[in-house]
Amino acid sequence: MSELIARDFFQRDPVTCARELIGCELVWNDCAGIVVETEAYAAVGDEACHTFMRPSARAFVASHRAGAAYVYMNYGVHWLLNVLVKGNEIGSVENSGNPSKNDGFVLIRALEPTRGIEKMRGRRSLVDLKNVKKNAHPLRALCAGPGRLAQALGVRGADHGRDLCADENVGFLPRENPVKIARDIRIGISKAAHLRWRFLLKNSLFISVVPKKTT
DNA sequence: ACACGGATACTA
DNA sequence: AGTATCCGTGTC
């Protein structure tokens with residue numbers, strides 16, 4: 001078993017981190033999956049980022065290190081898993097108390113399940129067999145979407161703030177093979193919707209929404 | 001197409 | 001306390 005990705009990986013800007021996480025393996029206790037879809041959110045200047053409207057999100061950035069899990073409930077139904085990135089953290093002596101340029105989040109949007117598939121199936125029950133579309137991979141419905149993958153892995157509010165670079169039970173493993181990456185506009189947002197900050201493993205059968213253009 | 005339902009940040 | 005909004009999903 002190889003080493004988890006270290007903190008300096010997340011001490012880069014959110015777009016770079018989102019792109020570089022594609023092909024890495026997310027380990028979550030007894031489950032794991034290859035990251036096949038991510039989105040970047042910038043803590044400054046990005047209206048779609050929580051930091052734009054939420055003081056609590058800005059406080060989170062100020063009080064946590066790069067690599068912390070930012071977990072929140074969306075639409076009252078689903079937990080969503082993000083990773084805090086702080087591109088200006090290297091060399092900074094103390095936190096200024098506010099997010100800065102190159103800080104932000106990476107939303108983990110889809111996984112190709114690799115370990116703990118029966119556990120995931122149990123948490124996702126009811127739906128995973130029934131919801132398989134024609135020609136879809138039978139495991140696609142487990143983790144294709146940020147709410148689905150959080151449910152499959154058992155991510156909860158209690159995981160908010162957890163350090164993904166310290167706890168060996170949760171974190172990311174480096175890529176084992178070269179990957180081809182596609183990019184597209186972000187999903188499901190109304191503000192700053194033109195930014196092409198969604199990254200995908202090209203030709204993956206496990207992504208949530210197929211991009212219109214593949215680049 | 002539409003319901004589901006909770007955390008957060010507003011208005012008073 | 002009441003209201004608007006939100007980085008989705010499953011079922012209608």
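Every chain is numbered from 1 and lettered A, B, ... according to where its sequence line falls, protein lines coming before strand lines. All values reported here derive from a predicted model rather than from experimental measurement. Side chains included, hydrogens not; waters and symmetry mates left out as well; all remaining heavy atoms used.
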A:Y70 and A:H50 aromatic ring geometry - parallel, tilted or perpendicular at 30°/60° bounds: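 Rings of A:H50 and A:Y70: perpendicular, over 60°.
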Could you check whether [X] gets within reach of a base, just the sugar-phosphate, or nothing at all, counting any heavy atom under 4.0 Å?
{"X": "A:R186", "value": "nothing"}
{"X": "A:S190", "value": "sugar-phosphate"}
{"X": "A:F105", "value": "nothing"}

Hydrophobic cluster membership, A:V85 vs A:V44, 4.5 Å side-chain cutoff: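 No, A:V85 does not connect to A:V44 through the hydrophobic network.
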Please give, in whole Å, the distance from [N] [atom2] to [X] [atom1]?
{"X": "A:H78", "N": "C:dT11", "atom1": "NE2", "atom2": "C1'", "answer": "12 Å"}
{"X": "A:W79", "N": "C:dC7", "atom1": "CH2", "atom2": "P", "answer": "16 Å"}
{"X": "A:N74", "N": "C:dC7", "atom1": "CG", "atom2": "P", "answer": "6 Å"}
{"X": "A:F52", "N": "C:dT5", "atom1": "CZ", "atom2": "P", "answer": "15 Å"}
{"X": "A:R58", "N": "B:dT8", "atom1": "CZ", "atom2": "C1'", "answer": "12 Å"}
{"X": "A:Y72", "N": "C:dC7", "atom1": "OH", "atom2": "P", "answer": "6 Å"}
{"X": "A:L80", "N": "C:dT9", "atom1": "CG", "atom2": "P", "answer": "7 Å"}
{"X": "A:K191", "N": "C:dT5", "atom1": "NZ", "atom2": "C1'", "answer": "8 Å"}

C:dC7 - base-pair partner by Watson-Crick or wobble geometry, distances under 3.5 Å: none
Closest approach to the side chain of [X], judged atom by atom: which nucleotide of [options] is it?
{"X": "A:M73", "options": "C:dC7, C:dG8, B:dG6", "value": "B:dG6"}
{"X": "A:R54", "options": "C:dC7, B:dG5, B:dT8", "value": "B:dT8"}
{"X": "A:S56", "options": "B:dA9, C:dC7, C:dG8", "value": "B:dA9"}

Flag for A:Q151-A:R123: side-chain donor and acceptor within less than 3.5 Å: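 There is no such pair between these side chains.
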Residues A:K86, A:D103: salt bridge by 4.0 Å N-O rule: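 Not counted as a salt bridge, because no side-chain N and carboxylate O are separated by less than 4.0 Å.
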NZ/NE/NH1/NH2 to OD/OE distance under 4.0 Å, A:R7 and A:D163: yes
Pi stacking test for A:Y75 and C:dT9: under 5.5 Å apart, planes under 30°: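 Base of C:dT9: not stacked against A:Y75.
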State whether [X] places a side-chain N or O below 4.0 Å from either non-bridging phosphate oxygen (OP1 or OP2) of [N].
{"X": "A:S208", "N": "C:dG8", "value": "no"}
{"X": "A:R124", "N": "C:dT9", "value": "no"}
{"X": "A:R148", "N": "C:dG10", "value": "yes"}

